[in-house]
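Reading through the structure tokens given below for one structure.
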Amino acid sequence: MKTYVLNPGSDLSALQLTDRPLPEPGPRDVLLRLRAVSLNYRDVAILRGTYGGFPRPLVPVSDGVGEVVAVGAEVRRFRVGDRVIPLYVPDWVRGPPREETARRRLGGPLDGLLREYACVHEEAAIAAPPHLTDAEAATLPIAGVTAWHALFTQAHVGPGDTVVAQGTGGVSLFVLQLARMAGARVLVTSRGEAKLARALALGASEGIHTGTHADWAARVRELTGGLGADHVVDVAGGEGVARSVEAVRMGGTVTLVGFLDSPVVRFDLRPALSKVVRLQAVSTGSRDDLEALAKALTVHGVHPVVDRVFPFAEAPAAFAFLESGAQFGKVVIAFP
């Protein structure tokens with residue numbers, strides 16, 4: 001089967017297409033023919049060697065959807081022909097993260113899904129929402145679940161709340177769509193006017209241009225009558241976390257989900273302490289979270305935002321496009 005592997009190196013030449021034997025399903029495994037995978041910033045960081053330090057060769061990419069083409073003798077959850085989504089964290093079925101359930105992750109340290117076929121345990125997958133395309137279904141395990149876990153599992157975002165989404169990447173647009181689905185008001189920050197216009201069309205209440213409003217936290221407070229937002233989902237990390245703390249209300253929540261600017265965070269703790277801000281880190285979620293997300297999207301008829309779909313043969317170009325930051329939503333690779 002055709003498989004992309006990461007070999008030693010930190011540029012796109014490390015991503016090589018090779019042939020590997022077709023995997024054999026164990027008694028409780030399902031064999032998937034992958035239909036589509038979606039990229040996350042984590043995949044680029046692993047390629048560049050700035051995250052994880054996982055041994056190579058490694059099959060990259062954590063998120064995907066596939067069709068069941070064979071099942072082990074003891075499989076009961078799925079049958080041949082089903083369309084399923086593997087879990088990014090295959091051992092995390094429910095409850096809070098634990099060391100023993102959070103260690104193994106697709107795309108590092110486990111081999112990921114940028115290959116024609118993959119075996120997954122039947123407990124480490126869910127049925128794909130029937131109303132979603134393959135490209136849309138492939139976006140759920142990291143970006144979608146991270147937004148869901150942040151807003152609803154760890155917090156209780158609901159009608160009348162104000163949520164700030166940073167930028168227009170995969171997680172941020174899921175935050176926008178899910179928070180709006182829950183009746184919340186969403187403010188979106190971005191350096192691009194065209195992207196802000198598209199965010200407004202998706203349901204954002206306000207777009208904050210960070211070129212015009214470099215102190216975007218002050219603009220958030222202005223738009224909330226001086227109180228601040230109930231919840232800020234911070235995808236940038238770095239020194240910008242201080243602005244997220246400034247933007248949130250007394251007793252509000254700042255969720256840390258990424259490090260697009262920097263993995264090193266430095267800020268004055270005193271504002272966070274004086275406002276009793278809740279700082280929480282979220283790294284995806286459980287199978288229960290993924291199933292709840294899938295059900296909510298189905299009930300409300302919501303479709304994830306896919307910016308561009310690359311063919312499998314052009315996987316390196318998909319990585320380059322994601323790294324450019326030009327995307328609005330998710331970048332997907334489709335299989336022939």
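This structure is a prediction, so every number in the text was calculated from the model and none was measured.
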Cluster overlap Val84 with Tyr88, hydrophobic side-chain contacts below 4.5 Å | no

Residue that, paired with Arg243, satisfies side-chain hydrogen bond (donor to acceptor under 3.5 Å, both in side chains) out of Asp234, Asp215, Thr210 | Asp215

Side-chain heavy-atom pair Phe328, Leu202 within 4.5 angstrom cut-off | yes

Would you mind reporting whether Leu47 and Pro60 have side-chain heavy atoms less than 4.5 Å apart?
-> no

Are any side-chain N or O atoms of Asp230 and backbone N or O atoms of Thr162, one a donor and one an acceptor, separated by less than 3.5 Å?
-> yes

When you look at Val68 and Leu32, which way does the side chain to side chain contact (heavy atoms under 4.5 Å, CB included) test go after all the steps?
-> CA-CA 5 Å; Val68 177; Leu32 301 181; 3.6 Å; yes

Hey, is CD on Glu239 packed in by over 12 heavy atoms from elsewhere, all under 6.0 Å?
-> no

Contact check, side chains of Arg42 and Arg105, non-hydrogen atoms, under 4.5 Å = yes

Separation between CD (Glu116) and CG (Asp19), nearest 0.5 Å, reads 8.0 Å

When every non-hydrogen atom of Cys119 is compared with those of Leu31, the smallest separation belongs to SG-CD1, 3.8 Å

If only atom types and distance count, is the side chain of Gln154 paired as donor or acceptor with the main-chain N or O of Leu151 below 3.5 Å?
-> no

Is there side-chain contact between Lys2 and Phe335, with at least one heavy-atom pair below 4.5 Å?
-> no

In this structure, CZ of Arg221 is separated from CH2 of Trp216 (nearest 0.5 Å) by 10.0 Å

Identify the two heavy atoms, one from Ala147 and one from Val171, that lie closest to each other, and give their separation to 0.1 Å.
-> CB-O, 4.1 Å

Heavy-atom pair of closest approach, residues Ala125 and Phe78 | O-CZ, 3.6 Å

Between CG on residue Leu140 and CD1 on residue Ile126, distance to nearest 0.5 Å = 7.0 Å

N-O pairing of Arg103 and Glu99 below 4.0 Å | yes

Evaluate the side chain to side chain contact (heavy atoms under 4.5 Å, CB included) criterion for residues Arg278 and Val248: first the C-alpha distance (whole Å), next the side-chain angles of each, then the deciding distance (0.1 Å), finally the verdict.
-> CA-CA 10 Å; Arg278 180 189 185 199; Val248 79; over 6 Å; no

Between Gly72 and Pro25, which heavy-atom pair has the shortest distance, and what is it?
-> N-CB, 4.4 Å

Starting at CG of Leu114, measure out to CG of Leu58 and round the result to the nearest 0.5 Å.
-> 10.5 Å

Donor on one side chain, acceptor on other, Thr255 and Gln280, under 3.5 Å | yes

Atom CD of Glu24: over 12 foreign heavy atoms under 6.0 Å | no

Under 3.5 Å, is there a donor-acceptor pair between the side chain of Ser172 and the main chain of Gln166?
-> yes

Decide salt bridge (charged side-chain N to carboxylate O under 4.0 Å, His left out) for Arg83 and Asp134; before the verdict, give the C-alpha distance in whole Å, the side-chain angles of both, and the deciding distance to 0.1 Å.
-> CA-CA 9 Å; Arg83 197 172 59 131; Asp134 291 336; 2.9 Å; yes

Could you tell me which non-hydrogen atom of Ala155 sits nearest to which non-hydrogen atom of Ala150, and how far apart they are?
-> CB-O, 3.3 Å

His149 backbone acceptor or donor facing Asp289 side chain under 3.5 Å = no

Any donor and acceptor pair, going by atom type alone, linking the side chain of Lys195 with main-chain N or O of Gly169 inside 3.5 Å?
-> no

Are Val257 and Trp92 in one and the same hydrophobic cluster, where Ile, Leu, Val, Met, Phe, Trp and Tyr link if side-chain heavy atoms are under 4.5 Å apart?
-> no

For the side chain of Asn40 and the backbone of Asp43, is there at least one donor-acceptor N/O pair under 3.5 Å apart?
-> no

Give the cluster check for Leu187 versus Val157: same hydrophobic cluster or not, with ILVMFWY residues linked at side-chain heavy-atom distances below 4.5 Å.
-> no

Side chain to side chain, Asp11 and Arg48, heavy atoms closer than 4.5 Å | yes

Would you say Leu34 and Phe312 make side-chain contact, with heavy atoms under 4.5 Å?
-> no

Are more than 12 heavy atoms from other residues, nucleotides or ligands located less than 6.0 Å from atom NE2 of His213?
-> yes

Determine, step by step, whether Leu6 and Phe54 satisfy the side chain to side chain contact (heavy atoms under 4.5 Å, CB included) criterion, reporting the C-alpha distance in whole Å, the side-chain angles of both residues, the deciding distance to 0.1 Å, and the verdict.
-> CA-CA 10 Å; Leu6 288 179; Phe54 304 118; over 6 Å; no

When every non-hydrogen atom of Pro86 is compared with those of Gly64, the smallest separation belongs to CD-O, 3.2 Å

Side chain His121, main chain Asp29, donor-acceptor under 3.5 Å = no

Same hydrophobic cluster for Met250 and Val220, using side-chain heavy-atom links shorter than 4.5 Å among ILVMFWY?
-> no

Any side-chain heavy atom of Glu136 within less than 4.5 Å of one from Lys330?
-> no

Any side-chain heavy atom of Arg249 within less than 4.5 Å of one from Lys275?
-> no

Roughly how far apart are Leu106 CG and Leu87 CG, rounded to 0.5 Å?
-> 8.0 Å

Side-chain donor-acceptor pairs of residues 174-181 under 3.5 Å, sequence neighbours excluded:
| residue | atom | partner | partner atom | Å |
| --- | --- | --- | --- | --- |
| Gln177 | NE2 | His303 | O | 2.8 |
| Arg180 | NE | Gly203 | O | 2.9 |
| Arg180 | NH1 | Ala184 | O | 3.0 |

How long is the gap from OH on Tyr41 to OG1 on Thr50, to the nearest 0.5 Å?
-> 5.5 Å

Would Leu113 and Val44 show up in the same hydrophobic cluster when neighbours are defined by side-chain heavy atoms closer than 4.5 Å?
-> yes

Under 3.5 Å side-chain donor-acceptor pair for Asp288 and Ser286 = no

Is there a side chain to side chain contact (heavy atoms under 4.5 Å, CB included) between Arg308 and Gln327 once you walk through the steps?
-> CA-CA 8 Å; Arg308 187 169 170 186; Gln327 79 281 1; over 6 Å; no

Salt bridge flag under 4.0 Å for residues Glu122 and Arg76 = no

Flag, side chain of Thr146 to backbone of Ala143, donor-acceptor distance under 3.5 Å = no

Would you check if the side chain of Thr101 reaches a backbone N or O of Pro97 as a donor-acceptor pair within less than 3.5 Å?
-> no

With sequence neighbours excluded, residues passing side-chain hydrogen bond (donor to acceptor under 3.5 Å, both in side chains) with Tyr4 | none

